[in-house]
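Residue numbers count from 1 along this sequence.
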Amino acid sequence: KKDDAYEVCKILKEKDCFVKKKDDEGNLVPYIGHCWPGTSYYADFINYEKLLPLYKQFFKNEDYFFGFDNIYTWVDMNEPSVFDSEEMTMPKTNLHFDGTQLVEHKEVHNIYGYFYQKVAYNSLKNRFDNKYRPFILSRSYYAGSQQNSFIWTGDNKATYEFMNNGIETNIINGLCGHSSCGSDVGGFINNPSAQLMKDWYSFGLFYMFFRGHSAFDTIRREPWLFGDDVLNSIKNSIILRYHILMFIYTKFYEYTQTGVSVLKPIWMVFKEQFNELINIKDNSSLFVLGKEIIGVNEYTLCETGAKFLNSLKTPLYELESGCRATNFSVKDKEQKIRKIVIGGKIIPWTDEVKKCAYNVLRSPLSIKVFVDENKKAKGYYYMDDGKTIELEGHFLYLQFVFNNGSIKIENLNTSKEVTNGLIKDIIPNWNKIEVYGYGKEAKVAKVNGKDVPVTYNKETDMAVLDLSALKIKVCELVNASLE
């Protein structure tokens, strides 16, 4: 904001840190435009090395953060956005200093937002004494932005077209290396119908960044304003998100290690059917979270997609109920967003829903075992303290292997820091193990050599091992078997 009484403006002006333009006499003067604060200067983030120390000072100022350590940063309008410019952004002839020379804005427009978010990330990191993870949300991004921030897909509209396009954009961003992405649930512009609100929240389950957000001139979006049916549907979608949050956290850890996107097009998982699946033009109809959960959008599902799902030899399961998933059809009158688990996968699950995501780390862990045609399944579970940057072995990474009734669990992180480090006091206990599709009724299980009763539901072919009474940490369970 252009205001000499505003400390940030005053210091940046004194240090000559604003983007420049040439006046009528050819002199360099600070560029002035209009954005949300009103009349504004624009900090020259291309001059990164000069601005970073100054912003580190700003972020240390308790007046901005009220003494709290859980206030983070939303970097908006950082394309940069200029309301009174013909192109709604900075003139191409504006001038930046890149540390060695002046360059025109047209040469650096695409990376301006990148350096903007990078300054914010490192300044917030410095505020936490380089110990804890900053959270930055940025609207503008570039190659490498995944190192600094989460992003969202911008000002979308409250239509099914934008809902479907949003999942495609998230997939594309992931394929380009940036899985830290989401879209505004319900649409930012215009007003969603009650049905669209239900469907979009169900869709939003697959976003890495999941939020509702809308323009100031739209109707209120609180779920209870749409009636009990919509309220209950949205509530169930959010609760389901919490149930699988540790699964998503695990997939995100694996993404940081491999660079492989979390949200994938269907052909990326079923590579043998690539020639068939590549003909599916709308990636919003079939997509995969990790390698385990297929999103089936029956609004856009085509004949090719339905035929593919119905022809799979590997059994498919409904995520919420555990029932076998069948009868995929483009003629289904009750269209919806289905969450389908691929047989042979194991999903970490939190039964106890908490008030915030951070507390899910401490919640007792369950796993859902969805067996394949050979009665086998595999899955992974990752947890850390949820905040530390340099973990240095202070994390759990468990591998679960189910083979014809036997479950073996191995911690792939062999560091001694697992049990005596940062996470030793927050490692959760086991809650239960659910096995779907085993096909045999078991009455008892052996868990670390002890007998545990098994509840069997013949209708859903589900066996449940209740481990809660054993009071054992998730890292202490070595094996279990159905008998």
Problem - Derivation of the ring pair (Phe, Tyr, Trp, His ring centres under 6.0 Å) call for Tyr207 and Phe150 - result: CA-CA 11 Å; Tyr207 297 158; Phe150 274 71; over 10 Å; no
Exercise for the section: Would you indicate whether the side-chain heavy atoms of Leu124 and Ile136 approach each other to under 4.5 Å? Expected result: yes
Exercise for the section: May I ask you to decide if the ring planes of His213 and Phe188 are parallel, tilted or perpendicular, using 30° and 60° as cut-offs? Expected result: tilted
Problem - Asp372 and Thr314: side chain donor to acceptor below 3.5 Å - result: no
Problem - Close side-chain approach of Lys368 and Ile346, heavy atoms under 4.5 Å - result: no
Practice task
Just say parallel, tilted or perpendicular for the rings of Tyr380 and Tyr397, cut-offs at 30° and 60°.
Solution key: parallel
Practice task
Starting at CE of Met208, measure out to OG of Ser261 and round the result to the nearest 0.5 Å.
Solution key: 10.0 Å
Practice task
Assess the side chains of Thr388 and Asp385: does a donor N or O sit below 3.5 Å from an acceptor N or O?
Solution key: yes
Handout entry: Asn283 side chain to Pro265 backbone, donor-acceptor under 3.5 Å
Key = no
Problem - Backbone of Leu205 reached by a side-chain donor or acceptor of Arg241 within 3.5 Å - result: yes
Problem - Any donor-acceptor N or O pair under 3.5 Å, side chains Tyr42, Asn94 - result: no
Handout entry: Euclidean distance, Cys475 SG relative to Leu396 CG, rounded to 0.5 Å
Key = 5.5 Å
Handout entry: NZ/NE/NH1/NH2 to OD/OE distance under 4.0 Å, Arg133 and Asp384
Key = yes
Practice task
Give the ring-plane orientation class for Tyr116 versus Tyr112, where under 30° counts as parallel, over 60° as perpendicular and anything between as tilted.
Solution key: perpendicular
Exercise for the section: Return yes if a side-chain donor-acceptor contact under 3.5 Å exists between Asp282 and Asn164, otherwise no. Expected result: no
Exercise for the section: State, to 0.1 Å, how close Pro134 and Ile389 come at their nearest heavy-atom pair, and which atoms those are. Expected result: CD-CD1, 4.4 Å
Practice task
Could you tell me whether the side chain of Ser202 and the main chain of Lys198 form a donor-acceptor pair under 3.5 Å?
Solution key: no
Exercise for the section: Can you establish whether the number of heavy atoms outside Lys2 located under 6.0 Å from its atom NZ is more than 12? Expected result: no
Exercise for the section: Hey, could you give me the OH/OH distance between Tyr41 and Tyr6, rounded to the nearest 0.5 Å? Expected result: 14.0 Å
Practice task
Please test Leu28 against Leu102 for side-chain contact (heavy atoms from CB on, under 4.5 Å), starting from the C-alpha separation and ending with a verdict.
Solution key: CA-CA 11 Å; Leu28 291 180; Leu102 289 172; 3.8 Å; yes
Handout entry: Under 3.5 Å donor-acceptor, His105 side chain and Leu95 backbone
Key = no
Practice task
Working to the nearest 0.5 Å, report the span between OH of Tyr141 and CH2 of Trp152.
Solution key: 10.5 Å
Handout entry: Lys354 side-chain N/O to Asn359 backbone N/O, donor-acceptor pair under 3.5 Å
Key = no
Handout entry: Polar side chain donor-acceptor pair, Ser138 to Asn78, under 3.5 angstrom
Key = yes
Practice task
For the residue pair Leu312 and Gln273, establish whether any side-chain heavy-atom pair is separated by less than 4.5 Å.
Solution key: yes
Handout entry: Partner of Glu292 under salt bridge (Lys or Arg N to Asp or Glu O under 4.0 Å), chosen from Lys264, Lys251, Lys345
Key = Lys251
Problem - Listed once per pair and sorted, the salt bridge (Lys or Arg N to Asp or Glu O under 4.0 Å) pairs that draw on residues 25-35, sequence neighbours left out - result: none
Problem - Non-neighbouring partners of Glu320 that pass side-chain contact (heavy atoms from CB on, under 4.5 Å), sequence neighbours left out - result: Leu240, Lys339
Handout entry: Gap separating the OH atom of Tyr201 from the CE atom of Met163, nearest 0.5 angstrom
Key = 14.0 Å
Problem - Residues Glu104 and Lys92 bridged, charged N to O under 4.0 Å - result: no
Practice task
Examine the side chains of Asn156 and Ser183 and answer whether a donor and an acceptor come within less than 3.5 Å of each other.
Solution key: no
Problem - Heavy-atom donor-acceptor pair, Ser179 side chain to Val262 backbone, under 3.5 Å - result: yes
Exercise for the section: Give the ring-plane orientation class for Tyr114 versus Tyr142, where under 30° counts as parallel, over 60° as perpendicular and anything between as tilted. Expected result: perpendicular
Exercise for the section: Establish, from distance only, whether the side-chain atoms of Tyr48 and Asn122 form a donor-acceptor pair under 3.5 Å. Expected result: yes
Exercise for the section: Determine yes or no for a side-chain-to-main-chain donor-acceptor pair under 3.5 angstrom, with Arg127 supplying the side chain and Phe59 the backbone. Expected result: yes
Practice task
For the pair Asn70 and Tyr358, evaluate side-chain contact (heavy atoms from CB on, under 4.5 Å) and give the outcome as yes or no after the intermediate values.
Solution key: CA-CA 11 Å; Asn70 60 348; Tyr358 183 73; over 6 Å; no
Practice task
Report yes if the side chains of Phe247 and Ile293 come closer than 4.5 Å at any heavy-atom pair, otherwise no.
Solution key: yes
Practice task
Please assess Tyr72 against Leu137 for the test side-chain contact (heavy atoms from CB on, under 4.5 Å), listing each intermediate value before the final yes or no.
Solution key: CA-CA 9 Å; Tyr72 300 103; Leu137 176 64; over 6 Å; no
Exercise for the section: Ignoring hydrogens and angles, tell me if any N or O in the side chain of Gln399 forms a donor-acceptor pair with the backbone of Glu410 under 3.5 Å. Expected result: no
Problem - Residues Glu7 and Lys10 bridged, charged N to O under 4.0 Å - result: no
Handout entry: Passing candidate, ring pair (Phe, Tyr, Trp, His ring centres under 6.0 Å) with Phe203, options Tyr160, Phe287, Tyr299
Key = Phe287
Practice task
Keeping the roles fixed (side chain from Ser233, backbone from Leu231), state whether a donor-acceptor pair exists under 3.5 Å.
Solution key: no
Problem - Salt-bridge criterion met for Lys60 and Asp129 (N-O under 4.0 Å) - result: yes
Exercise for the section: Would you tell me whether Asp44 and His96 have side-chain atoms, one donor and one acceptor, within less than 3.5 Å of each other? Expected result: yes
Exercise for the section: Please report the C-alpha distance between Thr350 and Leu245 in whole Å, then the side-chain angles of each, then the deciding distance to 0.1 Å, and finally whether the side-chain contact (heavy atoms from CB on, under 4.5 Å) criterion is met. Expected result: CA-CA 8 Å; Thr350 305; Leu245 200 56; 5.9 Å; no
Practice task
Please say whether the positively charged group of Arg211, taken as NZ for Lys or CZ for Arg, lies over the ring of Trp74, i.e. under 6.0 angstrom from the six-membered ring centre and within 45 degrees of the axis.
Solution key: yes
Practice task
Would you check if Met383 and Val474 make a side-chain contact, meaning some heavy-atom pair closer than 4.5 Å?
Solution key: no
Exercise for the section: Kindly check if the number of other-residue, nucleotide or ligand heavy atoms within 6.0 Å of CD (Glu86) is above 12? Expected result: no
Practice task
Answer yes or no: is there a side-chain heavy-atom contact under 4.5 Å between Val288 and Met268?
Solution key: no
Handout entry: Heavy atoms of other groups near Lys235 NZ, more than 12 under 6.0 Å
Key = no
Handout entry: Gap between atom CZ of Phe18 and atom OG of Ser40 - 0.5 Å precision
Key = 9.5 Å
Practice task
For residues His394 and Leu391, report the shortest heavy-atom separation together with the two atoms involved.
Solution key: CD2-O, 2.5 Å
Practice task
Verify whether the ring centers belonging to Phe252 and Tyr249 lie closer than 6.0 Å.
Solution key: no
Practice task
State whether the side chain of Asn191 and the backbone N or O of Ile219 hold a donor-acceptor pair below 3.5 Å, judged by distance alone.
Solution key: yes
Practice task
Please say whether more than 12 non-hydrogen atoms of neighbouring residues, nucleotides or ligands are located less than 6.0 Å from CD in Glu62.
Solution key: yes
Problem - Leu52 side chain near Lys56 side chain, heavy-atom distance below 4.5 Å - result: yes
Exercise for the section: Determine whether Cys302 and Ile280 make a side-chain contact, defined as any pair of heavy atoms from C-beta on separated by less than 4.5 Å. Expected result: yes
